[in-house]
Amino acid sequence: MPRAPRRPSDEARRGAYKPRVDFSRSRRRREDGLLALRRLDRDAGLFKRRRDEPVPASDPAPDPAETAPPASSDHPPPSSSPPDAAAPRNAAESELEGLSELVDKVCSDDTTSQLEATVQFRKLLSDEKNSTVIKIIRADVLPRFAEFLSRHALPQLQMEAAWVLTNIAASDYTLLVAECGAVPRLVELLGSPNANIRHQAIWCLGNIAADLPSCRDILFEHGVVTPLLSQFREDMKIPVLRTAMWALSNLCFGKLPAEVQVKPILEIVSQLIHSADEKILADACWTVYYICGGVDGAIQDVLDAGACPQLVNLLMHASATVLLPVIMALARISAGDDAQVQVLIENGVLNCLAQLLARNYTMNIKKQACLIVSNIAIGSKDQIQAVIDASVISPLVALLKTSETDIKKEAAWALSNAASIASSEQIEYVLACGHPNVSSSALWVHDIELDPLQWGAGLENILEAGEAGKKGKESGTNPYAQFILECGGLDKVEDLQDVNSDRIYKLVMKLLQSYWEEEVSESDDPNVPGSNDSADTVETTSEDAAQPPAPAASGADEAE
């Protein structure tokens with residue numbers, strides 16, 4: 001069917017500037033999306049953890065290090081009810097009815113009564129009901145528990161009070177704990193000679209850090225970082241180390257204040273990413289991910305800390321709990337400059353990504369793998385060659401054929417980025433890996449939501465490579481332009497004229513005139529039904545030359 005060229009809009013004809021692609025912007029184009037992902041990451045990396053009520057023992061306050069370890073960051077904490085749940089629950093309900101008596105004991109001057117009542121409050125909080133928390137908060141006893149944290153002569157009372165505050169901070173009322181005067185005392189308890197009290201203080205601070213940014217700001221104002229880092233010792237028990245690493249990862253979520261030094265944090269994290277414990281590994285990798293997104297220049301700090309080789313090695317970890325934060329951290333690093341990206345390449349990240357893309361992993365992991373390849377491919381020709389040498393192109397093409405739309409989009413971005421700066425030989429290789437799929441899916445199917453300017457740059461570079469390739473052909477035709485024409489890609493190119501952007505319009509017009517002039521000119525032939533006046537061809541460049549085209553027989557849209 002004859003093609004009716006669209007009349008350029010007034011806005012399109014006003015601009016006469018050269019279309020250009022900002023590659024640095026392209027590399028960081030997902031910043032808004034990553035911010036949204038970071039909100040979702042709270043479910044994985046910022047889970048608040050309750051201190052569960054243990055099975056009754058002779059000691060009213062058992063060693064936290066000997067109780068069950070904190071719940072995994074990927075699953076809700078286990079039920080806090082002991083084996084016979086009915087009796088304790090009935091007891092808790094009866095104690096709530098006598099709440100005023102417990103409040104009187106907590107507010108009394110008798111230390112025995114204070115300890116007894118605090119233990120009862122701790123037991124009440126084991127039922128995980130918000131209604132219970134609300135009743136305790138309304139009793140206005142939080143400042144009293146915060147005061148108990150300073151009773152250094154009564155470590156048992158300190159322990160129970162910190163436990164109560166830990167479980168309240170695990171609820172929806174964390175801010176009340178942060179503002180009741182507990183934070184400076186909890187930070188002070190990090191220097192306690194009692195290991196159990198230190199562990200409980202870490203736990204409570206971790207819950208506060210997992211809440212609103214304002215809660216973390218309160219922690220930073222009271223200098224929590226240095227005392228928390230001092231807890232990481234060679235003789236730490238695994239449960240305590242898990243809690244400390246989890247609390248540190250929560251603290252690093254979001255934008256860190258300028259006065260916080262990340263190098264000491266990264267020194268510890270670079271050691272813990274060698275841990276054999278999956279929970280410690282996962283939280284250490286989340287910490288790297290958060291720091292890379294919340295501190296300017298942090299990518300170089302991560303590389304200087306020597307974390308990159310082990311992070312790449314962890315791409316082959318068997319646990320998805322570890323693999324997700326690892327690959328997200330590496331995706332952040334891959335958004336750095338070419339020199340920083342080169343460090344990833346030299347440590348073998350592309351070989352690992354080729355295996356990940358070819359295996360059956362979750363969508364999030366494959367999307368992040370494609371993102372890393374995309375960021376590498378937008379670098380230099382040498383880095384594109386590294387992508388080719390690692391046999392990453394074929395898995396990307398396979399994803400274009402069979403994967404979900406979100407993964408197809410990321411794979412298309414990677415191929416489009418590579419095409420925008422690749423050499424003629426590299427383009428020839430990429431297209432040879434899956435000619436129809438690479439061309440039609442990655443380069444001009446714009447409903448995948450690629451950036452039209454980036455897409456156009458890739459298409460233009462491919463067509464230029466085709467011009468170099470046509471010299472050796474008897475027909476003298478551009479093989480890539482011919483293929484695009486045969487598979488209907490020219491219609492997709494023309495559709496981009498509707499995008500509300502002068503730059504995109506100019507780029508599309510340049511491509512049409514340079515590579516498909518004859519096809520476009522067919523619709524100007526007066527012998528072809530529905531053709532337009534010769535003044536209305538795509539070659540129109542002046543304001544005066546553009547006239548409204550006659551209605552096309554093919555039912556084209558009316559002139560504006």
Side-chain angles (χ1 to χ4, degrees), residues 24 27-28 30-31 34-35 37-38 41 44-46 206 209 213 216-217 219-221 223-233 241 244-275 280-315 317 322-350 352 368 371-372 375-376 378-379 383:
S24 63
R27 174 175 285 170
R28 296 171 176 82
R30 294 183 180 82
E31 187 60 31
L34 288 175
L35 287 174
L37 281 175
R38 289 170 67 191
D41 293 341
L46 290 178
R216 287 192 295 280
D217 291 341
L219 296 181
F220 288 127
E221 289 170 5
V224 69
V225 177
T226 300
L228 180 58
L229 294 180
S230 68
Q231 305 304 305
F232 292 89
R233 306 170 182 172
L241 186 56
M245 189 64 255
W246 159 78
L248 182 60
S249 70
N250 287 354
L251 197 64
C252 291
F253 180 85
K255 191 74 174 178
L256 293 179
E259 62 271 16
V260 174
Q261 299 295 317
V262 298
K263 290 185 178 180
I265 299 176
L266 291 172
E267 288 177 3
I268 290 173
V269 171
S270 63
Q271 299 175 27
L272 292 180
I273 58 176
H274 293 270
S275 173
I280 295 173
L281 269 180
D283 285 324
C285 293
W286 281 120
T287 304
V288 175
Y289 170 68
Y290 297 146
I291 288 176
C292 286
V295 180
D296 295 334
I299 292 176
Q300 190 58 49
D301 291 334
V302 171
L303 299 180
D304 291 343
C308 186
Q310 179 61 8
L311 288 173
V312 173
N313 290 338
L314 289 175
L315 283 175
H317 199 281
V322 175
L323 182 54
L324 180 60
V326 166
I327 200 166
M328 292 183 72
L330 289 171
R332 281 275 169 83
I333 296 173
S334 72
D337 58 37
D338 288 353
Q340 292 166 339
V341 172
Q342 188 61 33
V343 175
L344 292 180
I345 296 174
E346 292 172 356
N347 280 280
V349 70
L350 287 169
C352 295
Q368 295 299 317
L371 173 56
I372 298 174
N375 285 340
I376 294 175
I378 201 63
Q383 290 175 342

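Residue indices begin at 1 and follow the sequence shown.
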Trace of the side chain to side chain contact (heavy atoms under 4.5 Å, CB included) decision for F220 with L251:
CA-CA 9 Å; F220 288 127; L251 197 64; 3.9 Å; yes
Using 30° and 60° as the class boundaries, would you call the ring planes of Y289 and W286 parallel, tilted or perpendicular?
perpendicular
Can you measure from CG (L241) to CD1 (I280) and round to the nearest 0.5 angstrom?
3.5 Å
Can you give the donor-acceptor pairs under 3.5 Å from side chains of residues 297-313 to other protein atoms, not counting sequence neighbours?
from, atom 1, to, atom 2, distance (Å)
Q300, OE1, Q340, NE2, 3.2
Q300, NE2, D304, OD1, 2.9
Q310, NE2, I273, O, 3.2
N313, ND2, P309, O, 3.3

SG of C292 to CD1 of I333: how many Å apart, nearest 0.5 Å?
4.5 Å
Going by heavy atoms in the side chains, are Q383 and V341 under 4.5 Å from each other?
yes
Distance in Å, Q261 CD paired with L256 CG, rounded so as to fall on 0.5 Å steps
11.0 Å
Using a 3.5 Å distance criterion without hydrogens, assess whether the side chain of R216 forms a donor-acceptor pair with backbone atoms of A209.
yes
Taking side chain as C-beta onward, heavy atoms only, is I291 less than 4.5 Å from I265?
yes
Any carboxylate oxygen within less than 4.0 angstrom of a Lys/Arg side-chain nitrogen, looking at D217 and K255?
no
Could you pull out all residues at least two apart from I268 that satisfy side-chain contact (heavy atoms from CB on, under 4.5 Å)?
L229, F232, L272
Rounded to the nearest 0.5 angstrom, the CD-CG distance for Q342 and N347 is 10.0 Å
Minimal heavy-atom distance between G206 and A247, with the atoms involved, is CA-CB, 3.7 Å
What's the spacing between L344 CG and I372 CD1 if we round to 0.5 Å?
7.5 Å
Do V288 and R332 have side-chain heavy atoms sitting under 4.5 Å apart?
no
With the side chain counted from C-beta on, respond yes when H274 and L281 share a heavy-atom pair under 4.5 Å apart, and no when they do not.
no
Looking at C252 and T287, what are the two nearest heavy atoms and their distance?
SG-CG2, 3.8 Å
Rounded to the nearest 0.5 Å, the CG atom of L330 sits from the CG atom of L315 at a distance of 5.0 Å
Sidechain-backbone polar pair: D283 side chain, S249 backbone, donor-acceptor under 3.5 Å:
no
Which pairs, with at least one residue in residues 257-267 and sequence neighbours excluded, count as a salt bridge (Lys or Arg N to Asp or Glu O under 4.0 Å)?
none
